[in-house]
Amino acid sequence: SSLHVLGYSVPVSATMPLSELRGHLHTLPDRPSWVPYRTSYYKPEWGFCLAQETLDAMPDGEYEVCIDSTLADGHLTYAEHVVPGQVSDEVIVSCHVCHPSLANDNMAGVAVATFLAKALAERTPYYTYRFIFAPGTIGAITWLARNAERVERVKHGLVLACAGDRGQLTYKQSRRGDAEIDRVLRHVLTVSERPHQINEFTPYGYDERQYCSPGFDLPVGSLRRTPHGEYPEYHTSADNLEFVSADHLVDSLTTLLEVVDLIESDFRFINLSPMGEPQLGRRGLIGSVGG
């Protein structure tokens, strides 16, 4: 499993007793068969993640420890996919791609976003739709830094995550709370009568934190099913393909398509002939015989 090595471990090659090694081993004692997902982004550290039952079976003695890793200046990779619209104003859909081997968090979000992009490609949308697939936090910050001069084009946005578990849909409002995307999601979820929950914005969560940070304050909410950290499988090897449900992936996609339909049709029409009542006859809008 790619979860077995603590994320961002520094290289190590040593021999040590189990008593010393234990300080670098991460387990879930209350879920003895699951492997946790742990990282050490900003502190030089090394370690292993393993099932508690594996640790319990390890005898005392000397252990050879080897992590053949490299920490060096590199590059950040992210992807964008654009579905052109009739106008340059944009709707962004953002997914994090930095969680290896985890199905709901967040390959489910990536999958739903991909099928949404395919559906939009069969239309001629009014808005331009931009899909952003980037590592969490640092990826969104990088995208914003590289697009600071054009973020005013973003009229609506959603961070999509945890889209495949069997929980109810949960919408986290933008920092503004009254952005059009917030009203759209409240309407769609209420009218559909789906079980759902709507939460106010907090500066903790996924990349809505970056898009909604005070310097940008974009109209970006976050749609997920069970919020992160509120299901036991979160950040463990149990977040696998058995944990996600095809029906709930489809439900997440269907909800997004309903959101798109409402965004695309939300216009105020302007009367181009306001001086006097309209002449309906010559426009074929009234019967030719009156009286």
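Positions are given from 1, in the same order as the sequence printed here.
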Taking every non-hydrogen atom, the tightest pair across [X] and [Y]:
X      : Y      : value
Gly109 : Cys95  : O-SG, 3.5 Å
Cys212 : Arg175 : O-CD, 2.9 Å
Ser273 : Arg283 : OG-NH2, 4.2 Å

Can you list, pair by pair, the side-chain donor-acceptor contacts under 3.5 Å of residues 124-137, counting residues two or more places apart and other chains?
residue: Thr128; atom: OG1; partner: Gly85; partner atom: N; Å: 3.0
residue: Thr128; atom: OG1; partner: Val87; partner atom: O; Å: 2.7
residue: Tyr129; atom: OH; partner: Glu264; partner atom: OE2; Å: 2.8
residue: Arg130; atom: NE; partner: Glu90; partner atom: OE1; Å: 2.9
residue: Arg130; atom: NE; partner: Glu90; partner atom: OE2; Å: 3.2
residue: Arg130; atom: NH1; partner: Glu80; partner atom: OE2; Å: 2.9
residue: Arg130; atom: NH2; partner: Glu90; partner atom: OE2; Å: 2.7
residue: Thr137; atom: OG1; partner: Arg209; partner atom: NH2; Å: 2.7

Within the distance-only criterion (no hydrogens, no angle test), does the side chain of [X] pair as donor or acceptor with the backbone N or O of [Y] below 3.5 angstrom?
X      : Y      : result
Asp182 : Ser174 : yes
Asp207 : Gln210 : no
Arg176 : Asp217 : yes
Arg225 : Ala163 : no
Thr254 : Val250 : yes

No-hydrogen, no-angle side-chain donor-acceptor test under 3.5 Å, Ser40 and Arg38 |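 On atom types as modelled, these side chains do not qualify, holding no pair under 3.5 Å.
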Short side-chain donor-acceptor distance under 3.5 Å, Asn199 and Gln197 |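 Indeed, the side chains of Gln197 and Asn199 share at least one donor-acceptor pair under 3.5 Å.
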Scan for ring pair (Phe, Tyr, Trp, His ring centres under 6.0 Å) pairs involving residues 8-37, sequence neighbours excluded, and state none if there are none.
->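 Passing the test, one end in residues 8-37: Tyr8-Tyr41, His24-Trp46, Tyr37-His99, Tyr37-His235.
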Just wondering, are more than 12 heavy atoms of other shown residues or ligands nearer than 6.0 Å to CZ in Phe115?
-> no
For atom OH of Tyr204, is the number of surrounding heavy atoms from other residues, nucleotides or ligands below 6.0 Å larger than 12?
-> no
Can you find a heavy atom in the side chain of [X] that is under 4.5 Å from one in the side chain of [Y]?
X      : Y      : value
Pro11  : Ser69  : yes
Glu152 : Val154 : no
Ile92  : Tyr211 : yes
Leu256 : Val93  : no
Asn106 : Leu102 : no
Asp165 : Val244 : no
Val220 : Ile181 : no
Val151 : Trp143 : yes

Go through His4 and Ser2 one step at a time and tell me if the side chain to side chain contact (heavy atoms under 4.5 Å, CB included) criterion holds.
-> CA-CA 5 Å; His4 278 147; Ser2 61; over 6 Å; no
Could you go through residues 56-67 and list every donor-acceptor pair under 3.5 Å that involves a side-chain atom there, pairing it with any protein atom two or more places apart or in another chain?
residue: Asp56; atom: OD1; partner: Gln52; partner atom: NE2; Å: 2.8
residue: Tyr63; atom: OH; partner: Pro59; partner atom: O; Å: 2.5

Less than 3.5 Å apart, which donor and acceptor atoms pair up between the side chains of residues 183-192 and the rest of the protein, not counting sequence neighbours?
residue: Arg183; atom: NH1; partner: Asp178; partner atom: O; Å: 2.8
residue: Arg186; atom: NH1; partner: Gln173; partner atom: OE1; Å: 2.5
residue: Arg186; atom: NH1; partner: Gly177; partner atom: O; Å: 3.4
residue: Thr190; atom: OG1; partner: Arg186; partner atom: O; Å: 2.7
residue: Ser192; atom: OG; partner: Val188; partner atom: O; Å: 3.0
residue: Ser192; atom: OG; partner: Leu189; partner atom: O; Å: 3.1
residue: Ser192; atom: OG; partner: Arg194; partner atom: N; Å: 3.3
residue: Ser192; atom: OG; partner: Arg194; partner atom: NH1; Å: 3.0

Find the distance between CG (Asp105) and SG (Cys162) and round it off to the nearest 0.5 Å.
->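 With rounding to 0.5 Å, CG (Asp105) is 4.5 Å from SG (Cys162).
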Taking atom CD of Gln279 and atom CG of Leu285, what is their separation to the nearest 0.5 Å?
->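 Reported value, rounded in 0.5 Å steps: 9.5 Å.
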ring-ring contact (aromatic ring centres under 6.0 Å, His included) partners for Tyr206, two or more places apart | His96, His228
Between Asn104 and Asn240, is a side chain to side chain contact (heavy atoms under 4.5 Å, CB included) present by the stated rule, with each step listed?
-> CA-CA 7 Å; Asn104 195 45; Asn240 53 34; over 6 Å; no
Please check if [X] and [Y] belong to a single hydrophobic cluster, counting links between Ile, Leu, Val, Met, Phe, Trp and Tyr side chain heavy atoms closer than 4.5 Å.
X      : Y      : value
Leu169 : Val159 : no
Leu55  : Phe48  : yes
Val91  : Tyr171 : yes
Leu3   : Leu28  : no

Might you work through the side chain to side chain contact (heavy atoms under 4.5 Å, CB included) test for Tyr78 and Val97, ending with a clear yes or no?
-> CA-CA 9 Å; Tyr78 69 85; Val97 295; over 6 Å; no
Return each pair, listed once, that meets salt bridge (charged side-chain N to carboxylate O under 4.0 Å, His left out) where at least one residue sits in residues 227-245; pairs must be two or more places apart or across chains.
->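 Listed once each, the pairs would be none.
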Under the side chain to side chain contact (heavy atoms under 4.5 Å, CB included) criterion, do Leu120 and Leu257 qualify, and how do the steps go?
-> CA-CA 9 Å; Leu120 286 168; Leu257 288 170; 5.8 Å; no
